[in-house]
Amino acid sequence: MFNVQDSFVLKGFDAVAYFQQGKAIPGNSNFTHKWQDVNWRFSTAENRDLFIKNPEKYAPQYGGFCAWAVSRGYTAPIDPNAWKIVNGKLYLNVNLDTQKRWEKDIPGNIQKGDQNWPGIAKKLCR
């Protein structure tokens with residue numbers, strides 16, 4: 001279950017760019033891929049191809065919903081510029097202020113999010 005806004009996961013931003021370029025980069029309509037029944041957009045063909053080879057590595061945690069919200073038991077949209085990679089996984093937040101709150105206890109918030117996500121995802125799939 002992924003957070004799809006404007007027809008794309010991550011609001012059309014390139015999931016691989018967070019890892020490869022270290023920043024939020026909007027995807028290009030020339031470089032798209034469908035995975036798990038949702039559309040993904042990439043800034044380059046190289047990033048698209050890296051995603052195709054290992055989508056689980058690049059896909060955001062909690063379906064691309066706000067990590068703070070999931071840690072609190074609900075979902076919220078994201079700002080593609082409010083992101084952090086922790087232990088090789090991409091987490092996003094609704095905005096930069098919320099991200100600061102999330103960052104005050106990253107391990108604890110990830111633990112809560114990991115506990116909450118299966119139940120939240122199940123409700124979203126109904």
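Keep in mind that the numbers below use all heavy atoms, side chains included, and drop hydrogens, waters and symmetry copies. In what follows, residues are counted from 1 in the order of the sequence shown. Predicted model, so just to flag it, every value in this text is computed and none were measured.
For the pair L50 and Y58, the minimum side-chain heavy-atom distance is below 4.5 Å. T32 has its side chain out of reach of F42: every pair of non-hydrogen atoms, C-beta onward, lies at least 4.5 Å apart. Between S71 and I110 the shortest side-chain heavy-atom distance does not fall below 4.5 Å. Looking only at side-chain heavy atoms (C-beta outward), Y18 and P80 come within less than 4.5 Å of each other. At least one side-chain heavy atom of F65 sits under 4.5 Å from a side-chain heavy atom of W117. Here the side chains of D14 and P26 are not in contact, with every heavy-atom distance at 4.5 Å or above. The shortest side-chain heavy-atom distance between M1 and Q36 does not fall under the 4.5 Å cut-off. C66 is not listed as a side-chain neighbour of L92, based on a closest heavy-atom distance of 4.5 Å or more.
Taking the six-membered ring for Trp, W40 and F2 have ring centres closer than 6.0 Å. Aromatic rings of W102 and Y91 (six-membered ring for Trp) have centroids within the 6.0 Å cut-off, being under it.
Taken to the nearest 0.5 Å, the CD1 atom of I25 stands 14.5 Å off from the CZ atom of R41. Note that the CG atom of N28 and the CG atom of N47 stand 11.5 Å from one another [nearest 0.5 Å]. For the atom pair CG of N30 and CZ of R48, the computed distance is 9.5 Å after rounding to the nearest 0.5 Å. Note that CH2 of W83 and CG of D79 are 12.5 Å apart. Values are rounded to the nearest 0.5 Å. To the nearest 0.5 Å, atom CG of residue N54 and atom CZ of residue F19 are 10.0 Å apart. The distance from atom CD of Q99 to atom CG of N81, rounded to the nearest 0.5 Å, is 9.5 Å.
Of the possible donor and acceptor atoms, one in the side chain of N116 sits under 3.5 Å from a partner among the backbone N and O of V70. Y62 contributes a side-chain N or O that, together with a main-chain N or O of D114, makes up a donor-acceptor pair within less than 3.5 Å. Although no hydrogens or angles enter the test, the distance criterion places no donor-acceptor pair under 3.5 Å between the side chain of Q61 and the main chain of K89. A donor-acceptor pair under 3.5 Å is absent between the side-chain atoms of N109 and the main chain of W68, judged by distance alone. Counting only distance, with no hydrogens or angles, the side chain of K11 and the backbone of I78 share a donor-acceptor pair below 3.5 Å. With hydrogens and angles disregarded, no donor-acceptor distance shorter than 3.5 Å links the side chain of N39 to the backbone of F8. Checking side-chain atoms of N3 against main-chain N and O of G63 turns up no donor-acceptor pair under 3.5 Å. A distance-only check finds no donor-acceptor pair linking the side chain of N93 to the backbone of N95 [under 3.5 Å].
If you chain together hydrophobic residues whose side chains sit under 4.5 Å apart, F31 and V4 fall into the same group.
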Run the side chain to side chain contact (heavy atoms under 4.5 Å, CB included) test on E46 and Q20 for me, step by step, so that the C-alpha distance in whole Å, both residues' side-chain angles and the decisive distance to 0.1 Å come before the verdict.
CA-CA 10 Å; E46 180 184 21; Q20 297 296 320; over 6 Å; no
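Shortest non-hydrogen contact noted between I52 and P55 is O-CD, 3.6 Å.
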